[in-house]
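Presented below is the structure to which this report refers.
Numbered from 1 within each chain, the chains take letters A, B, ... in sequence-line order.
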Number of protein chains: 2
Amino acid sequence: MRLYRQFCGVARALDIVGERWTLLLVRNLIPGGQRYSDLLEGLPGITTNLLAKRLKHLTEHGVIEQQHLPPPAASTVYALTALGHELVPAVLALGAFGARFMDTPHTDDHTHPRWAMVSLRRRFRPSSATYAVQFQIEGQPPYWATFGPDGIDVRDGTGDADAVMVASPRAFGAWLMGRDIRALHASNALRVDGDIEAFAALGRAIQPL
Amino acid sequence: MRLYRQFCGVARALDIVGERWTLLLVRNLIPGGQRYSDLLEGLPGITTNLLAKRLKHLTEHGVIEQQHLPPPAASTVYALTALGHELVPAVLALGAFGARFMDTPHTDDHTHPRWAMVSLRRRFRPSSATYAVQFQIEGQPPYWATFGPDGIDVRDGTGDADAVMVASPRAFGAWLMGRDIRALHASNALRVDGDIEAFAALGRAIQPL
DNA sequence: CCGCATCCGTTTCGATACTG
DNA sequence: CAGTATCGAAACGGATGCGG
């Protein structure tokens, strides 16, 4: 791999995460660690050899690490290290820039709930009320989010929640694009168990794109 | 050029500025527009064909534009558009990440005062006092900075200043690395005309790397 | 099936030479 | 000064193989 050899923070960062696919790989790990095959599925178009190469490269630079889950999980996942999490502001800042180009939707674009989950971190504006919610999106691992005056945290997993959304990726996407949660619930596009006001509050706190 | 084709802000951003050299080119334009040859000099290692290609690509996407300066300047410069300036937070965020790898200085790294000027934008912590200063670095175009409680602005050019630094790139670098301005001035490493307290205040407001 | 490694055609990049 | 043209080297994309 080629280095810029510049005594500059931006160049140093790009020496590590400037190659193709690398920052998207980091993006997908922000909510939590993932297995090799999960990453392949979440990065449509990447090839297996390149994914392996990027994983090795990021591991060597301390951005990610392999975590061996205890039995009976019997699986290893790649997860961001503390250093890797320092990249989150840069990923979100790039997302904020790129978001303005999302109004022209190329028809054959891939979509993925995980990318939208990450985008919540920059679209969220602190709200007065504090809630915890759970997302059960069809075909996806569960996501758990807590939000309030201090910001939002979205991550893989489950936990105590004021409300649980059970939805298809399509219905989840509609809600993220601004559709009212009560209207979606009333039309049976999705189901909410618990205090639906939690999702209504979150919806109001999310900025367009 | 290859697109990721993902409906995601991060991917959209990388479709535009994810190629090699592109974000470094943007970095060099943050203080102000530059000519083709200025960019070549400020991006050591880039080749002329690649610079031309990147300039065309960024122009097509509205990130930069050619500005034709009025006579007698008789020159055209490439400058960030309003859209291009929206990339500044992302560039600075990457710089903040990469800065932690600058403690291991590869001996053959290139250095450039312009990169350091850009880094001031993220290293500066709002100060109580408001000043305007001018940098006259040997072999470099003049830089003008204003700073105070609201932050800092560093850009190409000249203006009313409380103090003017006349220094070699090396002395300027020493000051940026934390050396006291009065000590440097006393040792004749550089010259300060005007209120030296302006540079002392700026030095105190700059975080290490 | 998961987690890669290998092979190979295509694209991009880097180095140099050259032109309006 | 401001690029364009050419060509070898490296990176990337796609398919396939292979051990646990």
(request) If the plane angle is over 60° it's perpendicular, under 30° parallel, otherwise tilted; pick one for B:Phe135 and B:Phe172. (result) perpendicular
(request) Check the angle between the aromatic planes of B:Tyr36 and B:Tyr78 and answer parallel, tilted or perpendicular using the 30° and 60° thresholds. (result) tilted
(message) What is the distance, to the nearest angstrom, from the NZ atom on B:Lys53 to the P atom on C:dG14?
(response) 11 Å
(message) It should be established whether A:Tyr78 places a side-chain nitrogen or oxygen under 4.0 Å from OP1 or OP2 of nucleotide C:dC4.
(response) yes
(message) Given C:dG3, D:dG13, C:dC4, identify the nucleotide with an atom nearest to the side chain of A:Ser75.
(response) C:dG3
(request) Starting at atom CG of B:Leu3, determine the distance to atom P of D:dG13, rounded to an integer number of angstrom. (result) 12 Å
(request) Please state how far atom CG in A:Leu14 lies from atom P in C:dC13, giving the value in whole angstrom units. (result) 14 Å
(request) Check every atom of C:dG3, C:dT16, C:dC13 against the side chain of B:Thr47 and return the nucleotide holding the closest atom. (result) C:dT16
(message) Looking at C:dC1, I'd like to know if its phosphate oxygens (OP1 or OP2) sit under 4.0 Å from a side-chain N or O belonging to A:Arg35.
(response) no
(request) Could you check how far CG of B:Leu51 sits from P of C:dT16, rounded to whole Å? (result) 17 Å
(request) State which of C:dA5, C:dG3, D:dC1 makes the closest approach to the side chain of A:Ser37. (result) C:dG3
(message) Looking at B:Asn49 and D:dG3, is any side-chain donor or acceptor paired with a base atom of the opposite kind under 3.5 Å?
(response) no
(request) Could you tell me whether B:Glu19 and B:Lys53 have a side-chain N and a carboxylate O separated by less than 4.0 Å? (result) no
(request) In whole angstrom, give the distance that lies between atom CG of A:Leu43 and atom P of C:dG3. (result) 14 Å
(request) Find out whether A:Val154 and A:Val118 are in side-chain contact, i.e. whether some heavy atom of one side chain is under 4.5 Å from a heavy atom of the other. (result) no
(message) Check this for me: does any side-chain nitrogen of one of A:Arg12 and B:Asp109 sit under 4.0 Å from a carboxylate oxygen of the other?
(response) yes
(message) Would you call the rings of B:Phe147 and B:Phe124 parallel, tilted or perpendicular, taking 30° and 60° as the class edges?
(response) perpendicular
Short heteroatom pairs, N/O only, protein and nucleotides 16-20 of chain D, under 3.5 Å:
none

(request) Could you check how far CD1 of B:Ile46 sits from P of D:dT4, rounded to whole Å? (result) 14 Å
(message) By the 4.0 Å heavy-atom rule, please label A:Gln66 as base, sugar-phosphate, or nothing.
(response) sugar-phosphate
(message) Let me confirm one number: the OG-CD1 distance from A:Ser127 to A:Ile152, rounded to the nearest 0.5 Å.
(response) 8.0 Å
(message) Using a 4.0 Å cut-off on heavy atoms, which residues in residues 15-28 of chain B reach DNA chain C? List them by number, or say none.
(response) B:Arg20, B:Trp21
(message) Report for the helix from C:dC1-D:dG20 to C:dG20-D:dC1: angle between first-end and last-end helix axes, five pairs each, rounded to 10 degrees.
(response) 30°
(request) Starting from the 5' end of DNA chain D, give me the residue, A:Leu50 or B:Ala52, whose nearest nucleotide shows up first. (result) B:Ala52
(message) How many whole angstroms separate atom NE2 of B:His57 from atom C1' of C:dT12?
(response) 13 Å
(message) Looking at B:Gln34, I'd like to know whether one of its side-chain N or O atoms comes within less than 4.0 Å of OP1 or OP2 on D:dA2.
(response) no
(message) Whether B:Asp153 and B:Arg121 form a salt bridge (side-chain N of Lys/Arg under 4.0 Å from carboxylate O of Asp/Glu) is what I want to check.
(response) yes
(request) Please say which of A:Leu83, A:Leu29, A:Val77 ends up in a side-chain contact (heavy atoms from CB on, under 4.5 Å) with A:Ile64. (result) A:Leu29
(message) The side chain of A:Arg2 is closest to which nucleotide in this list: C:dT11, C:dA15, D:dG3?
(response) C:dA15
(request) Whole angstrom is fine here: how far is it from CG in A:Leu40 over to C1' in C:dC1? (result) 13 Å
(request) Measure the spacing between OG1 of A:Thr111 and CZ of B:Arg5 and express it to the nearest 0.5 Å. (result) 14.0 Å
(message) Within this structure, what is the CD-CE distance for the pair B:Gln140 and B:Met117, rounded to the nearest 0.5 Å?
(response) 8.5 Å
(request) Verify whether one side chain among A:Trp115 and A:Asn28 offers a donor that lies under 3.5 Å from an acceptor in the other. (result) yes
(message) Working to the nearest 0.5 angstrom, can you tell me the gap between A:Leu92 CG and A:Arg27 CZ?
(response) 11.5 Å
